[in-house]
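Atoms within each ligand, like the ligands themselves, are counted from 1 in listed order. One-based numbering along the sequence shown.
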Amino acid sequence: MAAAEEGQWVLMATGRSPTNIAVIKYWGKRDEALILPVNDSISVTLDPDHLSATTTVAVSPSFPSDRMWLNGKEISLSGGRFQSCLREIRKRAQDVEDEKKGIRIKKEDWGKLHVHIASYNNFPTAAGLASSAAGLACFVFTLGKLMNVKEDHGELSSIARQGSGSACRSIYGGFVKWCMGKNNDGSDSIAVQLADEAHWNDLVIIIAVVSSKQKETSSTSGMRDSVETSPLLQYRAQTVVPERVLKMEEAIKSRNFESFARIISLVEKWNQSEGTPRVAYTFDAGPNAVLIAPNRKNATILLQKLLYYFPPQDNDLSSYMVGDKSILSDAGLKSIEDVEALPAPAETKMPSQKFKGDVSYFICSRLGAGPKVVTDESLALIDSVTGLPKGV
Ligand SMILES: Nc1ncnc2c1ncn2[C@@H]1O[C@H](COP(=O)(O)OP(=O)(O)OP(=O)(O)O)[C@@H](O)[C@H]1O
Ligand SMILES: C[C@@](O)(CCOP(=O)(O)OP(=O)(O)O)CC(=O)O
């Protein structure tokens, strides 16, 4: 460990990883410790500009223990999941040399060195928007960068899987499949990319955030209950999902929105009245609806309908739409007066009742790329001198 004994150096890496939303859900584990699922799943990776985790990992001979901060608050790293990811990455660590800083770390030294990790989510944590997916993928990806891990994305995905199942899919951009695998040691339970984010880049994803409160039931315990109590879960895993995965893969490959939407169901009334699906929807284990439109045109029509029924509580349109705000002007909605002037959607027989305040805000996003290194050091979350999170 050259230079280590000589000075109090801090070496850092920063990464950013997207979140993902499953269109065929992972629900149920056959092995709780290794996080091995009972079925394959398929997801879309969202644009990291809108929904992502940014993580800085620092190493220094002056750190007495591993520590982690999430959204500015120190959290424990002692949980089995964080420990599995740390252990698996450390095992694969290689020699690292930073000539400019005069730092050389030999691969055998990594076992003696401690890390400080600071992470920040640009969207609500633990509210059904898959923060654990972005967070654990980023944790593994960034540790891997700092420790010069040479393993490919498949191997990284299987390490991220041990942090949170859905995290293995956030190692790639675009459309991703998590293959459940057969092996008891989990070696073949990895994610693969079906198509990159450019393959079907017309898709617009609008998320109606109904509640950003912490969920009462986590996905982990919810799926455990299902495995233990639901006689239907096995049928889903063995019969329903395999067939749907094939159809979904075909729909993605051929950009067949009708088939894609049919599989994940419909925004019932509009789609029925049109005779062909205009928008698809899906929910994760929380109240927030994820709506997927095949193109910008349908997304703007959808937004007009959504805002007709769910106008902003405090009349502030700009903070009501986060992510790609330009969808508002595309929908002709520049001010609250434009929202008030929207006509009632013709196809619904609902009374012209409105639900002001029922949606906290909307996020407009699109398909996005996989994890990336953040090279701009000013964006690091850890101070390179103190080795502590900035502002702490
Ligand atoms: N940026 C992050 N870095 C490391 N760990 C994170 C990060 N963000 C979230 N986590 C971990 O994930 C946990 C939240 O996971 P949980 O599954 O309860 O919610 P969620 O992933 O937001 O929702 P869901 O999986 O149902 O969509 C946090 O308590 C924390 O342990
Ligand atoms: C409904 C889901 O979002 C469930 C995600 O569950 P998690 O990956 O959060 O669960 P653990 O593996 O226990 O950490 C469906 C999905 O993403 O496929």
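- Only the side chain of Ser119 comes within 4.0 Å of ligand 1, counting heavy atoms alone; its backbone N, CA, C and O stay farther away.
- Distances between N or O atoms of Ser219 and those of ligand 1 include at least one value under 3.5 Å.
- Proximity of Arg81 to ligand 2 is established by a heavy-atom distance of less than 4.0 Å.
- Hydrophobic clustering keeps Val385 apart from Trp69 (ILVMFWY residues linked when any side-chain heavy atoms are closer than 4.5 Å, directly or through intermediates).
- In this structure, Trp27 has a heavy atom closer than 4.0 Å to ligand 2.
- In terms of heavy atoms, Met321 sits closest to Ile363 at SD-C, 4.3 Å.
- The contact set between ligand 1 and Ala53, taken as ligand atoms under 4.0 Å from a residue heavy atom, comprises 1 (N).
- Summarising the contacts of atom 17 (O) of ligand 2 with Glu32, Arg161, Arg169, Arg224, the nearest heavy atom is found in Arg169.
- At least one heavy atom of Met68 sits less than 4.0 Å from an atom of ligand 1.
- Applying the 4.0 Å criterion to heavy atoms of Leu136 picks out, from ligand 1, the atoms 5 (N).
- Which parts of ligand 2 touch Ile35 is read off a 4.0 Å heavy-atom cut-off, strictly below it: atoms 12 (O).
- Here Ser166 has heavy atoms under 4.0 Å from ligand 2 in both its backbone and its side chain.
- Using a 4.0 Å cut-off between heavy atoms, Ser132 contacts ligand 1 through both its backbone and its side chain.
- In this structure, Ala130 falls outside the shell of residues with a heavy atom less than 4.0 angstrom from ligand 2.
- Proximity of Thr220 to ligand 1, defined as any heavy-atom pair under 4.0 Å, is not found for any part of the residue.
- Nearest heavy atoms, Val96 versus Met147: CG2-C, 4.0 Å.
- Checked against a 3.5 angstrom limit, the closest N/O atoms of Ala130 and ligand 1 fall inside it.
- A donor atom on one side chain and an acceptor atom on the other are found under 3.5 Å apart for Asn121 and Thr125.
- Remark: distances from the non-hydrogen atoms of Phe82 to ligand 1 include one below 4.0 Å.
- A salt bridge is absent between Asp95 and Lys107; no separation between the charged side-chain nitrogens and carboxylate oxygens falls under 4.0 Å.
- Nearest to atom 8 (N) of ligand 1 by heavy-atom distance, out of Thr142, Thr125, Asn20, Asn121, is Asn121.
- For Ser164, heavy-atom contacts with ligand 2 shorter than 4.0 Å involve the backbone as well as the side chain.
- Using a 4.0 Å cut-off between a side-chain N of Lys or Arg and a carboxylate O of Asp or Glu, Asp47 and Arg366 qualify as a salt bridge.
- Of all the heavy atoms of Ser131, the ones lying under 4.0 Å from any atom of ligand 1 are found in both the backbone and the side chain.
- A salt bridge links Arg296 with Asp330: the distance from a Lys NZ or Arg NE/NH1/NH2 to an Asp or Glu carboxylate oxygen falls below 4.0 Å.
- The closest donor-acceptor contact from the side chain of Ser254 to the backbone of Glu250 lies under 3.5 Å.
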